[in-house]
12 protein chains.
Amino acid sequence: MSDRVYKLVEVVGTSSTGTDEAIHNAITTAAKTIRHIDWFEVVKTSGHVVDGKVAHFQVTLKVGFRLESD
Amino acid sequence: MSDRVYKLVEVVGTSSTGTDEAIHNAITTAAKTIRHIDWFEVVKTSGHVVDGKVAHFQVTLKVGFRLESD
Amino acid sequence: MSDRVYKLVEVVGTSSTGTDEAIHNAITTAAKTIRHIDWFEVVKTSGHVVDGKVAHFQVTLKVGFRLESD
Amino acid sequence: MSDRVYKLVEVVGTSSTGTDEAIHNAITTAAKTIRHIDWFEVVKTSGHVVDGKVAHFQVTLKVGFRLESD
Amino acid sequence: MSDRVYKLVEVVGTSSTGTDEAIHNAITTAAKTIRHIDWFEVVKTSGHVVDGKVAHFQVTLKVGFRLESD
Amino acid sequence: MSDRVYKLVEVVGTSSTGTDEAIHNAITTAAKTIRHIDWFEVVKTSGHVVDGKVAHFQVTLKVGFRLESD
Amino acid sequence: MSDRVYKLVEVVGTSSTGTDEAIHNAITTAAKTIRHIDWFEVVKTSGHVVDGKVAHFQVTLKVGFRLESD
Amino acid sequence: MSDRVYKLVEVVGTSSTGTDEAIHNAITTAAKTIRHIDWFEVVKTSGHVVDGKVAHFQVTLKVGFRLESD
Amino acid sequence: MSDRVYKLVEVVGTSSTGTDEAIHNAITTAAKTIRHIDWFEVVKTSGHVVDGKVAHFQVTLKVGFRLESD
Amino acid sequence: MSDRVYKLVEVVGTSSTGTDEAIHNAITTAAKTIRHIDWFEVVKTSGHVVDGKVAHFQVTLKVGFRLESD
Amino acid sequence: MSDRVYKLVEVVGTSSTGTDEAIHNAITTAAKTIRHIDWFEVVKTSGHVVDGKVAHFQVTLKVGFRLESD
Amino acid sequence: MSDRVYKLVEVVGTSSTGTDEAIHNAITTAAKTIRHIDWFEVVKTSGHVVDGKVAHFQVTLKVGFRLESD
């Protein structure tokens with residue numbers, strides 16, 4: 001088996017529901033254009049506030065995927 | 001339009017339910033005395049344990065709000 | 001009252017449900033072998049992705065507990 | 001001379017001109033309500049982009065000021 | 001019991017005697033205007049030097065206090 | 001309104017004039033191939049020196065842009 | 001001489017007297033159950049406040065000790 | 001000479017031989033699709049263990065390359 | 001399949017040969033007393049110098065292993 | 001060509017004009033006594049405030065220079 | 001008044017008495033060869049342990065001093 | 001025995017062979033002008049790439065040495 005190489009991209013998911021849902025949204029969207037996503041790690045959790053209430057959560061992720069060898 | 005200035009304060013919300021709820025509690029309480037809250041970012045997530053179970057979650061936030069110009 | 005001493009250990013909880021559940025799993029498992037757990041703090045939040053979906057969340061915690069004096 | 005105590009607050013200045021101007025704006029605004037400001041340190045430099053151009057720079061500062069003894 | 005919310009402020013204590021005394025000075029001064037202070041954590045330890053000797057120690061603290069519910 | 005997803009890329013702008021100009025150059029160049037750039041944050045400021053003078057400033061930025069939903 | 005291997009554990013010492021004493025307490029307690037402790041490094045200094053005064057100092061240490069070869 | 005702009009991407013190289021080889025593998029693979037790679041910096045070194053032995057080393061790199069001006 | 005829980009311990013391997021060998025030594029020694037080691041990550045690389053030459057390399061690792069469920 | 005070795009020193013430039021000028025001042029002064037300065041990176045940006053206005057900017061730099069081989 | 005330039009050097013003071021004394025020792029020794037020392041900041045606090053007791057404290061400092069203009 | 005004081009300097013070693021060799025080169029060169037070097041720690045590992053291959057590795061070290069008492 002040859003030595004694998006991976007790439008990491010940084011995406012930000014948002015959700016009005018919660019932080020887990022923001023992660024799901026980020027991964028689902030990333031998976032539309034990236035194949036072989038393998039893992040993620042949270043870089044930052046933030047959000048916006050409107051009228052004194054959390055309007056949406058925002059989670060920044062590093063998403064790792066295997067590069068296809070040819 | 002003049003250049004806006006914001007201020008950041010650090011608050012800690014707690015919840016026995018979960019981390020998202022702890023964030024909601026922190027923002028709701030902060031909004032009682034601070035106007036124009038615009039965003040937050042999570043600084044730290046922690047909690048206390050009683051009898052081998054999570055008793056409450058504790059989320060430290062930086063909360064940003066616009067200073068009113070006069 | 002004498003001066004207490006605590007110890008910190010690092011554990012990783014996983015859950016297919018969400019990050020809060022991963023924390024619960026880590027604490028519940030740690031509590032099987034460690035007495036007097038007092039607090040935790042999140043060190044890292046990550047997860048694995050299978051077929052473009054989050055397969056499980058993974059939360060790394062520092063868990064603090066009081067050392068029993070004799 | 002007694003031992004002085006200082007307080008730090010975190011403010012964000014913005015400017016369409018540049019980062020130095022954003023710092024000036026933050027300090028000038030902070031000085032309207034805080035006396036005895038003594039120093040600042042930059043925590044973060046960021047900005048917003050509109051139509052492919054920097055619309056404004058945004059500099060987050062910690063601002064230190066001496067508490068008045070009585 | 002409702003979920004508590006805390007606030008953190010950053011203060012700098014100084015002392016010509018030592019770092020512990022600088023912490024005591026910061027807390028004592030902060031307690032004059034803040035009620036329900038619960039904990040502190042050291043952010044930075046520094047100092048000034050005059051004529052090749054430490055003139056005073058300077059300790060930057062985050063000070064946490066409970067917000068009174070109404 | 002559906003939940004937005006953003007992507008972050010890291011670019012390095014250079015300028016012989018100054019740090020603000022290096023940021024402008026990075027954003028202008030990134031905007032040639034990336035649509036919907038929304039914000040940036042400075043990761044690192046550095047530069048090269050030739051003959052004892054600053055030859056150019058170099059600013060590393062994270063640039064955030066909205067992914068187009070379909 | 002063979003290549004040595006060390007292990008690090010994290011302990012928290014407390015003291016109502018000061019930070020140095022908190023370090024002494026942590027090391028003395030750790031040494032009751034760990035042999036060959038060689039060094040420590042401070043990870044965090046904090047404390048609790050009661051009635052506007054420092055009730056105790058709390059110092060988190062990494063403690064390194066040599067694993068016995070057999 | 002105009003002001004150059006660079007881009008950074010994050011890649012992970014693996015090798016059963018060692019950390020230097022993991023770096024070589026990451027760079028060689030990245031160079032298949034990226035022109036003008038100029039430098040790299042190590043972000044993280046890790047690895048997997050099978051049957052009590054290092055199965056492979058894994059090095060995460062930021063890889064910088066010049067964007068071609070047109 | 002139930003949700004797995006892992007533990008992390010911190011060990012320091014040394015070697016007069018090089019950094020990779022120091023990692024091998026740390027893992028081999030850790031594996032004598034810990035079952036199910038799964039991964040490691042490098043926390044710090046250092047060393048000692050004698051007579052102007054590197055006497056040995058020293059690599060601090062976090063070592064992750066699965067806790068056996070019962 | 002033999003393998004080059006560089007040294008890094010840390011200097012702080014000040015300027016009443018702005019941060020870029022503070023960098024220029026630091027490099028120009030360092031270059032009076034250090035030959036072969038090659039690059040710099042900004043470690044910290046701060047400043048002092050007098051009468052509610054920025055009195056001077058202060059930029060801490062790491063300055064890298066090639067050691068002359070003999 | 002021209003714009004001042006400062007230099008920072010890193011020194012490690014040791015003391016069998018405590019951390020403050022280690023700082024005093026570092027500053028006193030540094031002041032034997034460096035003029036115009038102005039400030040210090042603590043980078044790291046550590047120590048060595050012999051026979052289960054703290055043998056000496058070790059404090060790493062950055063020491064700042066003004067460069068003499070000519 | 002009096003309390004020792006150490007100094008830390010930052011050097012960058014390079015090597016076309018690998019990271020360990022870059023460390024050796026840095027220490028050997030530093031030892032030509034510095035006596036009593038005692039330890040080092042790696043601050044950063046990077047390198048340059050030419051024609052899609054690693055041209056040389058570059059390791060930044062802090063090098064600690066004992067100041068001679070008189």
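Every chain is numbered from 1, with letters handed out A, B, ... down the list of sequences.
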Trainee: Any chance you could measure Thr45(D), atom OG1, to Leu61(F), atom CG, to the nearest 0.5 Å?
Mentor: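 Interatomic distance, Thr45(D) OG1 to Leu61(F) CG, rounded to 0.5 Å: 10.0 Å.
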
Trainee: If I compare all heavy atoms of Thr17(D) with all of Asp20(F), which pair ends up nearest, and what's the gap?
Mentor: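 Minimum heavy-atom separation between Thr17(D) and Asp20(F): O-OD2, 4.3 Å.
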
Trainee: Search all heavy atoms of Gly52(D) against all heavy atoms of Ala31(F) and return the closest pair with its distance.
Mentor: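 So the two residues come closest at CA-CB, 3.6 Å.
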
Trainee: What's the separation between atom OG1 in Thr28(F) and atom NZ in Lys53(D), rounded to the nearest 0.5 Å?
Mentor: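 Atom-to-atom, Thr28(F):OG1 and Lys53(D):NZ are 6.0 Å apart.
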
Trainee: To the nearest 0.5 Å, how far apart are CD in Gln58(D) and CZ in Phe40(F)?
Mentor: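 Here the interatomic distance stands at 8.5 Å.
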
